[in-house]
Amino acid sequence: MRTFKLFLTIAILALLSPLCALAQTESGLLMELEAQKKINKNLSVSLEGDFRTRNDFQTIDRWKIGLGASYKINSWLKADAGYSMIYENNREKVEYYSTYEDDGVTVKHNKVKWRPSYWGIKHRVTASLTGSYKFGNGIRISLRERWQYTYRPEKATTRWKWRVDGSDDIDMTLDDDYVRSGSGKNELRSRFQIEYDRKHVKWNPYASIELFNNWGIDKIRYTAGTDYKINKQHTVGAFYRFQQLEDKEEGSYDPNMHYLGVSYTFKF
């Protein structure tokens with residue numbers, strides 16, 4: 001009982017820590033599905049997918065499907081790698097800028113570029129090492145270091161431009177052949193997790209913090225939840241996650257996110 005109370009205290013602190021972030025936030029739903037197949041005592045493969053919403057549960061944010069493999073190097077170290085395809089609803093983007101004309105008098109034109117939201121595909125590859133240690137009281141701590149590369153192909157979409165100069169005459173044009181350039185991004189994801197894991201106990205509560213690093217902290221995720229082992233093949237879970245963005249794209253609306261999540265895992 002004392003061990004469980006200690007774990008509960010740590011989980012509550014993990015939940016409360018992001019509340020100090022006062023930036024504008026949204027809420028969303030996160031659903032995760034995974035099927036695992038054990039090839040031998042060290043090697044396993046998996047097929048996984050997730051579905052995510054935003055805008056206070058009103059807008060579909062993305063779909064994802066991925067393949068992965070993990071290998072248990074020894075009792076405390078595991079390696080894994082995977083590929084995912086993400087179909088994402090990219091948020092709208094608004095840019096404000098000014099131009100100047102000098103014909104004896106300097107004239108300032110305030111201009112706006114608006115790119116509506118659109119659906120596009122991303123490709124992602126990952127490779128990870130996870131080290132863990134389990135204490136005799138059932139508390140397990142782990143540290144996962146994950147390299148992640150995400151590539152977004154170029155995408156033809158629409159963009160509007162107009163001038164705002166205080167008059168009633170608004171010069172509005174449509175870039176109907178606008179192409180958003182492709183880009184790639186490398187990130188290092190560092191996750192520290194603590195969980196309660198005892199044999200013959202169906203509940204597996206956990207709490208974690210994860211840092212996304214791209215020559216500086218881009219994002220922080222705080223997660224607390226529990227898995228419930230129905231039997232050897234079926235596991236369900238529920239969790240809460242707070243996602244805090246540190247490095248936001250200029251001109252984009254990127255709020256911090258509260259997620260309510262559910263998961264299901266099937267083991268062959």
Side-chain angles (χ1 to χ4, degrees), residues 3-4 6-7 10-11 13-14 17 30 32-50 64-84 123-150 185-229 231-237 239 241 243 261 263-268:
T3 299
F4 184 77
L6 173 62
F7 177 84
I10 295 173
L13 290 175
S17 56
L30 180 55
E32 299 178 340
L33 298 173
E34 183 177 8
Q36 297 180 1
K37 172 63 176 178
K38 196 168 186 178
I39 306 302
N40 55 45
K41 66 177 184 178
N42 294 325
L43 178 65
S44 64
V45 295
S46 63
L47 172 67
E48 58 185 31
D50 70 44
K64 185 182 82 171
I65 186 168
L67 294 169
S70 64
Y71 184 80
K72 190 174 182 180
I73 299 173
N74 53 42
S75 60
W76 61 271
L77 186 62
K78 181 180 71 172
D80 65 75
Y83 162 79
S84 298
H123 303 279
R124 177 172 293 166
V125 291
T126 60
S128 312
L129 280 176
T130 304
S132 63
Y133 181 80
K134 185 176 180 180
F135 297 91
N137 56 9
I139 295 291
R140 181 191 300 274
I141 59 174
S142 63
L143 177 64
R144 185 186 70 187
E145 294 292 346
R146 168 170 288 178
W147 166 78
Q148 171 180 289
Y149 176 75
T150 306
K185 185 177 183 180
N186 286 285
E187 284 185 299
L188 179 65
R189 298 170 53 175
S190 304
R191 188 194 70 183
F192 175 76
Q193 180 166 289
I194 179 170
E195 58 184 306
Y196 184 68
D197 182 17
R198 294 291 295 268
K199 288 185 178 180
H200 312 300
V201 175
K202 291 182 176 293
W203 294 97
N204 179 211
Y206 61 89
S208 68
I209 179 172
E210 185 172 16
L211 306 179
F212 289 67
N213 192 335
N214 177 34
W215 302 106
I217 302 299
D218 286 344
K219 186 190 310 181
I220 305 175
R221 282 180 179 171
Y222 305 87
T223 306
T226 185
D227 291 331
Y228 178 75
K229 300 174 185 177
N231 53 40
K232 290 183 178 181
Q233 288 186 306
H234 304 277
T235 301
V236 295
F239 59 90
R241 173 174 294 161
Q243 181 169 281
S263 63
Y264 168 71
T265 302
F266 176 74
K267 295 183 179 180
F268 292 91

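What you are looking at is a predicted structure, and each value in this text was computed from that prediction instead of being measured. Numbering starts at 1 and runs along the sequence shown.
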query: Is there a side-chain contact between Leu188 and Leu211, using heavy atoms and a 4.5 Å cut-off?
result: no
Tested for side-chain hydrogen bond (donor to acceptor under 3.5 Å, both in side chains) against Tyr264, the lone hit among Glu34, Glu32, His234 is His234
| query | Near Lys72 NZ, under 6.0 Å, is it more than 12 heavy atoms from other residues, nucleotides or ligands? | reply | no
Quick note, side-chain hydrogen bond (donor to acceptor under 3.5 Å, both in side chains) partners involving residues 38-47, not counting sequence neighbours, are Ser44-Ser70
So CZ of Arg241 and OG1 of Thr223: to nearest 0.5 Å the spacing works out to 3.5 Å
query: Any side-chain heavy-atom pair from Val125 and Tyr149 closer than 4.5 angstrom?
result: yes
Next on the checklist: Just so I know, are the side chains of Leu30 and Gln243 near enough to count as touching, which here means a heavy-atom distance under 4.5 Å?
Outcome noted: no
Rounded to the nearest 0.5 angstrom, the CD-OG distance for Glu48 and Ser84 is 5.5 Å
Look at the rings of Phe266 and Phe268 and say which category their plane angle falls in: under 30° parallel, 30 to 60° tilted, over 60° perpendicular.
perpendicular
To the nearest 0.5 Å, atom CZ of Arg146 lies from atom CD of Glu187 at 12.0 Å
Distance col, row Asn213:CG vs Asp218:CG, nearest 0.5 angstrom, shows 7.5 Å
For Ser142 and Thr130, the nearest pair of non-hydrogen atoms, with its separation, is CB-CG2, 4.3 Å
Do Arg124 and Gln148 have side-chain heavy atoms sitting under 4.5 Å apart?
yes
One should read off an interatomic distance between Asn214 CG and Lys219 NZ, to the nearest 0.5 angstrom, of 11.0 Å
- Query: Side chains of Tyr206 and Arg140: closer than 4.5 Å at any heavy-atom pair?
  - Reply: no
Worksheet entry | Whether over 12 other heavy atoms sit under 6.0 Å from Lys134 NZ | yes
Correct closest heavy-atom pair for Thr226 and Pro205 would be OG1-N, 3.4 Å
Ser263 and Asp227 have their tightest heavy-atom pair at OG-OD1, 4.1 Å
Applied to residues 201-210, the salt bridge (Lys or Arg N to Asp or Glu O under 4.0 Å) test, sequence neighbours excluded, yields Arg144-Glu210, Arg189-Glu210
Run the numbers on Ile209 and Ile220 for side-chain contact (heavy atoms from CB on, under 4.5 Å), then give the verdict.
CA-CA 7 Å; Ile209 179 172; Ile220 305 175; 4.0 Å; yes
Indicate the ring-plane relationship of Tyr228 and Trp203, choosing parallel, tilted or perpendicular according to the 30° and 60° boundaries. tilted
Note: Leu129 and Ala79 closest approach over all heavy atoms is CD2-CB, 3.7 Å
Shortest non-hydrogen pair, Tyr196 vs Ile139, comes out as CD1-CD1, 4.0 Å
Rounded to the nearest 0.5 angstrom, the CG-CZ distance for Leu143 and Phe192 is 8.0 Å
